[in-house]
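What follows is a single structure, written as structure tokens, with notes after it.
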Amino acid sequence: MSHLQRRNTVTLPEPIFDYEACLLACARGEQQALVALYAQESARLLGVAKRIARDSALAEDIVHDAFIKIWLRASSFDPGRGSARGWIFSLTRHMALNAMRETRLEIQVSENSELALQPLATLDGRLQTQDPLHWPDGCERIYGCLEQLDPARRSCIVHAYVDGYTHAEIANKLDTPLGTVKAWIKRSLSALRECMG
Amino acid sequence: MTSTPDNSDPADLDALAGEYVLGTLNGLQRRALEQRLPHEPDLQAAVDRWEARLLPLNDLAPAQQPSERLWPRIERSLNALNVPAPPTQASTRWWNLLPLWRGLTAAGLAATLALGTALWSATPAISPPAYVVVLVAPQSQTPGWVIQANDREHIQLIPLGVAQVPSDKALEFWTKGDDWAGPVSLGLVKPGQVLSLPLDRLPPLASDQLFELTLEGPNGSTTGKPTGPIQFIGRAVKVI
């Protein structure tokens with residue numbers, strides 16, 4: 001169940017957890033299904049939320065809200081649009097991103113003042129652990145495609161997706177002009193799409 | 001929807017979807033895009049493809065064991081969502097309509113509630129809430145809280161999202177009937193908190209009664225009236 005355990009068993013078949021059946025059961029009102037999902041994924045979901053929210057208490061708030069939303073919206077899950085596990089992670093991640101962007105909205109009136117908001121001093125310590133070259137085990141296509149990007153551009157993608165950084169925060173972190181970062185990200189996304197199809 | 005800029009070009013649409021999923025859109029852009037999604041299948045499909053492409057990157061975030069408080073808290077919120085007599089058919093519970101509410105305007109919400117009423121009428125054994133209030137953010141119309149009342153003397157306030165409150169501020173809960181002189185405070189509310197309140201000091205709950213959450217000082221408004229910006233607002237709708 002733990003992250004470590006999962007990595008160590010990567011060559012073995014994945015433990016079978018039927019995410020789709022779980023969502024169907026939630027939609028039927030079977031609370032036990034949500035309990036099972038919590039046991040299966042709460043630590044990884046909290047990891048995703050914490051990385052973006054940068055605060056343990058806020059991350060738990062987000063995961064709380066995510067589980068309520070999963071419960072309430074399970075019936076809207078459409079397997080034709082993607083995997084059930086992906087739906088759960090995307091829902092949680094977007095809640096975290098929205099929470100962060102909403103906080104900013106309250107503080108900043110003008111979009112252009114984004115540069116003025118630089119709480120990065122508090123983050124630097126945590127970010128040292130971020131080394132894009134140490135990908136998790138597995139043969140996910142995205143990693144192969146990221147390898148083909150210039151390291152700085154690869155960092156932009158990882159900082160944005162995993163850390164929830166804004167353009168301005170990435171520019172600050174990489175000590176690169178904002179316009180350059182925006183252009184890098186645009187082109188990197190385009191390259192990733194070409195690479196992954 | 002509204003006059004959307006011409007990013008109907010597939011490449012532009014895909015680039016926008018990519019930035020949304022990557023997380024580099026700002027709050028306003030995110031909200032605008034989320035409002036378009038239900039109406040624009042091409043955009044939704046582009047978002048879905050980006051979600052699938054980037055999903056494995058979530059493995060880069062180290063897992064974090066939740067505190068022991070988290071599941072009990074989720075469970076309490078789930079229980080608060082359950083009306084006392086659970087219906088046999090889960091699909092007719094009113095909150096299953098919540099997905100429909102997302103992104104809808106106030107008018108749309110009223111229509112949704114009408115639909116909910118139609119569903120209940122087929123299952124007379126249930127005792128659904130007599131009144132429902134959906135509290136939405138004034139700008140985005142995003143639902144943030146729901147109030148349900150099984151009778152006219154008690155209400156229950158249920159959070160739906162993460163309400164962000166600056167550390168030196170508090171959310172204060174207010175209500176005002178149509179013919180009242182002014183709003184009356186129902187006390188302070190913590191983000192994420194489920195709150196059950198008797199309305200014994202007030203006239204019974206009535207249709208169209210206004211409810212709102214405003215941002216006030218840490219101990220609430222000092223004037224007895226709302227002074228800060230409205231965070232969420234809605235009116236009571238009778239559901240039977």
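Everything quoted here is computed from the prediction, not taken from an experiment. In what follows, chains carry the letters A, B, and so on, assigned in the order in which the sequence lines appear, proteins first and then strands, with residues in each chain numbered from 1.
Looking only at distances, a side-chain donor or acceptor of Tyr143(A) sits under 3.5 Å from a matching main-chain atom of Pro56(B).
Chosen from Glu75(B), Arg69(B), Gln44(B), Arg53(B), the residue pairing most often with chain A at heavy-atom distances under 4.5 Å is Arg53(B). In terms of non-hydrogen atom pairs under 4.5 Å with chain B, the most contact-rich of Ser42(A), Ser83(A), Gly82(A) is Ser42(A).
Contact of Ile52(A) with chain B is not made at all, since no heavy-atom distance falls under 4.5 Å. Of the two parts of Arg193(A), the backbone and the side chain both hold a non-hydrogen atom closer than 4.5 Å to a non-hydrogen atom of chain B. Contact of Val47(B) with chain A is not made at all, since no heavy-atom distance falls under 4.5 Å. No part of Leu45(A) comes within reach of chain B, as not one of its non-hydrogen atoms sits under 4.5 angstrom from that chain.
Screening residues 158-197 of chain A for disulfide bond (SG atoms under 2.5 Å apart) gives Cys145(A)-Cys195(A) as the qualifying pairs, with residues at least two apart or on separate chains.
A cation-pi arrangement is not found for Arg51(A) relative to Tyr161(A), the charged atom failing to lie both closer than 6.0 Å to the ring centre and inside a 45° cone about the ring normal.
The aromatic rings of Trp87(A) and Phe77(A) sit perpendicular to each other, their planes meeting at more than 60°, with 30° as the lower class boundary.
In this structure, Arg30(B) pairs ionically with Glu34(B), as a charged nitrogen and a carboxylate oxygen lie closer than 4.0 Å.
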